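Every chain is numbered from 1 and lettered A, B, ... according to where its sequence line falls, protein lines coming before strand lines. What you are looking at is a predicted structure, and each value in this text was computed from that prediction instead of being measured.
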Amino acid sequence: AQSVTQLDSHVSVSEGTPVLLRCNYSSSYSPSLFWYVQHPNKGLQLLLKYTSAATLVKGINGFEAEFKKSETSFHLTKPSAHMSDAAEYFCVVSEGRAGNNRKLIWGLGTSLAVNP
Amino acid sequence: NAGVTQTPKFQVLKTGQSMTLQCAQDMNHEYMSWYRQDPGMGLRLIHYSVGAGITDQGEVPNGYNVSRSTTEDFPLRLLSAAPSQTSVYFCASSLRPGRDGYTFGSGTRLTVV
């Protein structure tokens with residue numbers, strides 16, 4: 001069965017320093033993977049997605065993630081944190097074969113704090 | 001293009017009351033889902049639909065009903081509200097969830113007293 005583990009529940013960085021949010025997954029099939037962001041008291045927004053194309057995926061707001069099959073990881077990075085990046089981040093894996101599978105498996109989230 | 005619209009944004013219910021959370025999307029998406037979000041538990045799937053007339057249970061369906069009479073609308077009904085249903089509820093839609101992910105509404109914060 002598919003599962004997602006976000007390795008850190010809280011990450012704190014200083015503004016201008018790199019961000020690394022770690023995500024490991026397990027999947028019996030070639031997975032589709034997503035990162036979502038949720039700002040305080042807001043809905044969820046898709047940051048980026050991997051769907052078996054390029055392993056380095058670029059998303060919005062300068063974020064990117066690299067799919068590493070050998071390590072079953074999909075870590076989210078950003079070279080330089082901004083105060084507006086403070087939010088909750090969710091790693092998500094699709095269930096079943098890639099395509100029109102309907103269920104997504106959610107990680108428990110990583111709360112990112114950005115200090116001035 | 002409004003995306004996914006949820007109403008109401010906030011609601012307080014008394015135990016035993018019933019209510020319907022509304023969800024509408026204007027993107028002609030076949031797939032729609034309801035999630036609840038609770039602290040420390042991430043998002044949990046309540047019910048989902050793969051098209052008009054077709055619904056199925058997620059991992060936490062008890063106490064909730066759904067129907068999908070049109071492509072656009074996917075209401076969630078609480079039959080007899082309980083304090084354990086205090087949560088933030090999100091509706092989401094997608095054309096191809098495994099490839100595109102979901103587009104989320106802004107959520108409904110429900111408190112059951």
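- Here the OG-CG distance, from A:Ser32 to B:Asp100, works out to 9.5 Å after rounding to the nearest 0.5 Å.
- In this structure, chain B has no heavy atom under 4.5 Å from any part of A:Gln45.
- Proximity to chain A is absent for every atom of B:Arg44, based on heavy atoms less than 4.5 angstrom apart.
- For the side-chain contact (heavy atoms from CB on, under 4.5 Å) with B:Tyr102, the lone residue among A:Leu44, A:Leu104, A:Leu46 that qualifies is A:Leu104.
- Separation of atoms CD1 (A:Ile105) and CD (B:Glu59) is listed at 7.5 Å; rounding is to 0.5 Å.
- Cluster annotation: A:Leu47 and A:Val93 are assigned to the same hydrophobic cluster (Ile/Leu/Val/Met/Phe/Trp/Tyr, side-chain heavy-atom contacts under 4.5 Å, transitive).
- Across A:Thr51 and B:Arg99, no two heavy atoms sit closer than the pair CG2-O, 3.4 Å.
- A:Tyr36 is linked by a ring-ring contact (aromatic ring centres under 6.0 Å, His included) to A:Trp106, B:Phe104, counting only residues two or more places apart in sequence or in another chain.
- Cluster annotation: B:Ile46 is not connected to A:Leu108 through the hydrophobic network of ILVMFWY side chains, with a link wherever side-chain heavy atoms come within less than 4.5 Å.
- By the criterion of side-chain heavy atoms lying less than 4.5 angstrom apart, applied directly or through intervening Ile, Leu, Val, Met, Phe, Trp or Tyr residues, B:Tyr35 is not grouped with B:Met19; the two fall into different hydrophobic clusters.
- Criterion: ILVMFWY side-chain heavy atoms under 4.5 Å apart, direct or through other members. Under it, B:Leu43 and B:Leu78 are not part of a common hydrophobic cluster.
- Minimum heavy-atom separation, A:Lys42 to B:Phe90: O-CZ, 3.9 Å.
- Across every non-hydrogen atom of A:Phe90 and B:Gln37, the tightest pair is CZ-NE2, 3.4 Å.
- Transitive grouping of hydrophobic side chains (ILVMFWY, heavy atoms separated by less than 4.5 Å) keeps A:Leu7 and A:Val11 in distinct clusters.
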